[in-house]
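Step one of this worksheet: look at the structure below.
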Amino acid sequence: MHTLTFYPLGNADSYTVQLATGRLLLFDYANVRNANDDSDKRIDLDGALRDLLAALKRDDFDVVAFTHLDDDHIHGASEFFHLDHDRVFQGDGRIRITQLWVPAAAITENPDDLGEEAKIIQAEARHRLREGTGVRVFSRPSTLKAWLESEGVSLESRADLITDAGQLVPGFDKAVDGVEFFVHSPFAARHEGELIDRNSCSLVFQATFDADGYETRFILSADSPHDVLADLVRVTKAHRNDERLAWDIFKLPHHCSYRSLGPDKGKDVTVPVPEVAWLFGQGAQRGMVVSPSDPIPTIDTDQPPHRQAANYYRAQCRLIDGELKVTMEHPTTTRPEPVVVTIGKLGAIIEKRITAPTIVPASRRAPRAG
Amino acid sequence: VPETFLDAPGRPVATDELATSRANELVRFLGEAEPPFVQLLGCRHIDSPPGDVTIVEVEVELGQRQVNDIRRFERLAIVFWDDDGLMPEILALRDDFPSVPHINLRLVELPRSLCLYDEPWRDLKRTWTPLSFIERIRWWLAQTAAGTLHGADQPLEPLLMDSSFPLVIADEVLQQSGADAPELLAIWRTGDVDERCTLIADRGRGDLAPTGQQGFVATVIHGTPQTHGVIRWLPATLRNLHAMMATVGDDLLGELRARLQRWENKQDLLDRPIILIIVLPKSRTIGGPVESYDTRAFICGLGDATPCPLGRFGQEIGVWEVRDGVAGRLLQIDEAKDGEQIHLVALNPVPALSQAHAARLNGQVNVTTSRIAAIGAGALGSQVATNLARAGWGQWTVIDEDVVLPHNLARHALFGSALGRAKARALATMLNFTVDGEPITEAIIADVLTPGPAAERVDGTFRDAEVILDMSASVTVARYLARDVNSAARRISLFLNPDGTDVVILAEDRARATRLDNLELQLYRSLINDPRLCNHLIRKGGQIRYGRTCRDVSSELPQELVALHAAIGSRAVRNTTRNDAARIAVWQAHSDDLAVDQIEIEPADMVERVLGEWRLCTDRWLMDKIARLRAEKLPNETGGVLIGAFDRERKIAYVVDTIPSPPDSTEWPAVYIRGARGLRTRVEEIGLITDGMLGYTGEWHAHPTGCGVTPSNDDRKAFAWLAGNMAHDGLPPLMLIVGDDEFGWHIERIPEA
């Protein structure tokens with residue numbers, strides 16, 4: 001059995017993929033909780049991941065993927081991980097990364113355009129690529145070649161560390177590991193523009209899990225907007241890879257933003273562009289859509305999540321008897337907990353446990369006592 | 001597909017009108033804790049029998065695929081009875097809720113009632129909480145959806161509802177197909193009216209049946225294998241039973257008609273009521289292997305609650321007409337007579353405890369039918385025999401001449417009902433009552449030492465036995481069995497020490513190369529050499545026992561200790577008889593908490609020499625020890641004192657140990673003068689530890705290399721000195737001369753020069 005765990009972090013992403021073989025992957029790290037605010041319902045990600053690692057008796061992840069370098073996907077990463085490129089980020093119980101996954105843009109962006117945290121992650125990715133170990137870069141735009149050459153390294157010498165869209169990620173074999181990752185994004189066309197739009201150059205995969213001969217498909221989308229998704233659908237169809245967009249579990253892009261569906265928010269329901277509508281029509285019976293976001297508001301908001309987008313996803317889920325799971329609403333808005341999805345021969349199952357009332361005080365700080 | 005729901009029982013009430021504390025707790029939990037995945041939809045009240053109903057909708061953890069049709073949201077009515085002794089009932093309100101395993105059988109099929117727990121409610125009440133209850137319901141639904149509620153390692157569900165009337169019946173009756181002949185059964189009811197009605201069927205052992213038994217004719221029918229899952233109601237008539245079996249292709253009526261036609265000439269059976277025994281094989285999956293059987297017996301009756309005799313039965317299934325007590329076969333089966341008039345009262349056949357069944361229940365793969373001659377049916381003997389017989393082990397003959405007296409009852413396998421009866425016979429009767437089938441125990445009321453008129457039976461028993469198991473608590477009996485009984489049977493002794501803290505097994509090897517009496521002496525040797533055993537024969541307070549031939553145990557001894565040692569002893573007998581080797585083992589119980597230590601003593605091979613009228617009985621251990629002592633002192637001579645015992649009656653000299661050369665001895669190449677320092681103290685100590693079972697028996701000394709073991713003149717003088725001393729006690733002189741790999745033993749006489 002494989003396990004996905006989506007952490008409730010408001011409008012921020014972080015989830016683990018735990019394979020039946022024991023291999024452990026982390027997609028994004030955003031420890032956004034305000035530790036000084038007891039009313040902050042977001043999870044203490046640092047603590048939660050350390051608990052998980054302790055339970056598994058390990059101090060590392062086999063893979064940590066940063067889908068792109070926006071703060072809501074990397075926040076606090078430089079305080080949590082052991083980074084090879086600078087001793088400042090080493091020791092003190094920091095968590096090691098065996099293999100770092102980044103889009104090429106994370107290497108090639110101008111550091112001056114990046115925030116402090118993003119600069120550190122970029123430095124680490126660049127260091128690993130320079131050293132030729134412990135990293136996998138997705139797509140090979142000309143800017144990547146140029147950067148490598150400026151570092152005195154040829155693109156060819158790093159070819160085995162670079163994976164392009166339309167390929168399977170090396171090192172994961174469905175027959176051996178029980179999973180394979182098909183790379184959808186970034187795809188080449190996206191990179192050649194003048195300005196790098198990070199959301200357009202972020203990582204999108206389809207993972208296909210095998211459990212006792214039964215397959216379960218999981219779309220891991222970063223923060224792709226609708227036009228990127230539409231391009232992605234067109235490219236995939238052109239290559240007759242339609243089944244690579246089938247899904248049982250869909251991790252929504254951009255915290256349930258209408259922008260990932262279409263250009264207009266809509267009054268009550270966002271109408272997606274045709275390609276995106278097709279994509280969300282690929283869900284299997286009882287499939288599930290996970291929105292890593294704040295609770296869906298009942299009123300109109302500028303920032304995601306947008307209720308109109310949620311209404312579209314809900315309607316879509318109804319068609320397949322599926323569920324929209326919002327991380328900050330599960331199991332309740334008052335006490336969110338990680339969304340745990342197990343993948344076995346019955347397909348994907350969302351764990352639904354009622355936390356014992358006696359556990360609640362033990363899992364929170366006690367109120368101040370006189 | 002829109003869901004429609006059945007009405008919950010009772011009438012609507014407000015939440016504050018709920019009467020039962022559990023319903024109130026549940027409502028409070030749902031209202032205050034606001035748990036996810038469960039929602040209160042309403043409350044109701046049932047007036048008779050009084051109870052509260054809470055209607056909830058739960059969300060179920062579902063996979064994308066599922067085995068049974070459970071929905072993500074299920075509506076349930078939970079009934080809490082005013083009488084809290086009754087388990088709450090959980091009713092699934094969705095009108096198409098599937099028929100799945102672990103649904104309670106109710107008088108009406110819908111709404112279905114979930115069987116949440118396999119423990120009794122009285123055990124669950126203690127830890128019941130609203131949360132655990134809701135979670136159990138949601139777990140039940142999730143597991144049912146996944147098809148995993150019934151574990152792959154769990155026994156199969158019954159095909160038919162249980163009958164509340166057990167019918168104890170011999171296993172063989174259930175096993176045989178029964179097609180050839182009708183089975184005659186005597187059936188009687190046990191117990192008083194306030195005991196659960198239990199029927200006991202017996203064939204052929206009428207002597208056990210109380211009066212009031214009724215003769216039945218029975219026939220056994222095996223059905224086609226079915227998959228388990230949904231429990232069905234018991235059929236009320238033969239026609240219903242036929243219809244039920246027809247669903248898997250069995251033709252019950254056809255089979256019964258064919259059988260009755262074959263029984264037509266058995267006119268004497270026509271008046272006997274008939275019992276149908278139906279054996280239904282069950283498999284876990286369609287076409288899977290048969291894992292177990294459901295067996296139901298049906299007493300056939302007529303509408304007026306009278307039993308249906310075979311004659312009438314044949315008429316009702318259209319086989320024959322009975323006129324003037326004679327069955328006249330119809331030319332053609334009357335198909336219209338389909339058993340509708342035959343009413344069925346279901347019984348739950350329970351196989352009687354056969355020897356094989358007893359073995360299985362004791363975790364034994366096979367029964368052991370070795371013939372065991374058991375001597376002694378006292379506290380230990382009766383309990384050991386009971387343990388083993390109940391495990392399907394052994395075909396027993398119990399020999400004991402004693403009768404059960406009140407003081408025996410404190411520590412005996414038998415109870416007050418046996419007071420005044422011969423122990424052997426009462427024990428045999430009890431064991432034969434316990435294990436169904438051919439008797440497994442015989443009794444001989446006799447003292448093996450003086451069997452009198454039973455001598456022939458006792459001799460025959462010993463001759464035919466594979467094991468003679470001495471539990472007589474008597475050294476005399478053990479020695480008699482070892483030396484004076486003509487039988488190839490392996491001898492095994494089981495006894496307690498005087499304080500009852502230790503239990504000992506002495507077992508000969510299967511070839512009887514080392515005899516029981518020799519093993520007994522080897523045990524004594526261990527008492528003087530192993531500090532753990534030095535108190536084995538010493539009673540609390542250190543006082544020496546007066547009687548020396550009887551292993552009589554203290555009159556104050558807890559039954560717990562006897563039960564413990566009987567358990568250890570019976571297991572030891574079972575384990576030991578599986579191997580060929582001889583064995584000496586002691587288990588010591590701490591008298592306060594009964595924790596047990598085991599001491600295994602490696603038996604040495606017995607060595608015997610016939611010397612004139614005497615038989616010398618020793619073993620390799622002693623001879624090796626003496627050879628080693630000699631070798632250590634070469635080229636000088638050395639020697640020492642022999643420790644053992646004399647059986648003057650049988651003229652056996654046992655030698656089992658030596659006290660090595662005392663420090664004040666003279667040890668020269670051609671001279672040995674045994675010193676005496678410390679010798680007496682040690683001899684007395686040995687006598688104390690072994691309760692006089694071991695003592696001084698003679699002298700040994702070494703001859704130098706190449707000198708042989710022929711007695712020298714000095715040796716003969718020493719022998720004469722020894723003879724003079726021993727004669728005071730009526731004992732023979734015993735001298736051993738040890739050379740290179742040579743042992744020269746001399747008892748009573750020594751060769752002249």
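Proteins come first, then strands; the chains are lettered A, B, ... in the order of their sequence lines, and each starts at number 1.
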Report task. Below 4.5 Å from any heavy atom of chain B, which atoms of A/Thr342 appear? Answer side chain, backbone, both or neither. Result ->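 Neither part.
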Report task. Answer with side chain, backbone, both or neither: which region of A/Asp248 has an atom nearer than 4.5 Å to a non-hydrogen atom of chain B? Result ->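 Both parts, backbone and side chain.
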Would the number of heavy atoms belonging to other residues, nucleotides or ligands and lying under 6.0 Å from [atom1] of [X] be above 12?
| X | atom1 | result |
| --- | --- | --- |
| A/Tyr214 | OH | no |
| B/Arg11 | CZ | yes |
| A/Lys345 | NZ | no |

Query raised in the report: Which atoms form the tightest heavy-atom contact between B/Glu61 and A/Ile349, and what is the distance?
Result: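 Heavy atoms only, the tightest pair is CG-CG2, 3.4 Å.
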Query - A/Arg353 and B/Phe37: CA distance, side-chain angles, deciding distance, side chain to side chain contact (heavy atoms under 4.5 Å, CB included) verdict - result: CA-CA 8 Å; A/Arg353 299 216 177 118; B/Phe37 314 125; 5.7 Å; no
Query - Side-chain heavy-atom pair B/Gln64, A/Thr216 within 4.5 angstrom cut-off - result: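 The answer is yes; the side chains approach within 4.5 Å.
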Query - Candidate pair A/Glu323 and B/Arg72, rule salt bridge (charged side-chain N to carboxylate O under 4.0 Å, His left out), full reasoning - result: CA-CA 10 Å; A/Glu323 278 184 77; B/Arg72 186 169 145 209; 3.0 Å; yes
Query - Worked verdict on A/Lys352 versus B/Leu62 for side chain to side chain contact (heavy atoms under 4.5 Å, CB included) - result: CA-CA 9 Å; A/Lys352 293 173 181 173; B/Leu62 284 188; over 6 Å; no
Query - Side-chain donor-acceptor pair present, A/Arg286, B/Gln66, cut-off under 3.5 Å - result: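 A pair is found: one side chain offers a donor N or O, the other an acceptor, under 3.5 Å apart.
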Query - Segment of B/Val38 engaging chain A (4.5 angstrom heavy-atom cut-off) - result: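 Just the side chain, heavy atoms under 4.5 Å.
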Requested in this report: Look up atom CZ in B/Arg65 and atom CG in A/Leu346, then write down how far apart they are to the nearest 0.5 Å.
Outcome: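 Interatomic distance, B/Arg65 CZ to A/Leu346 CG, rounded to 0.5 Å: 7.0 Å.
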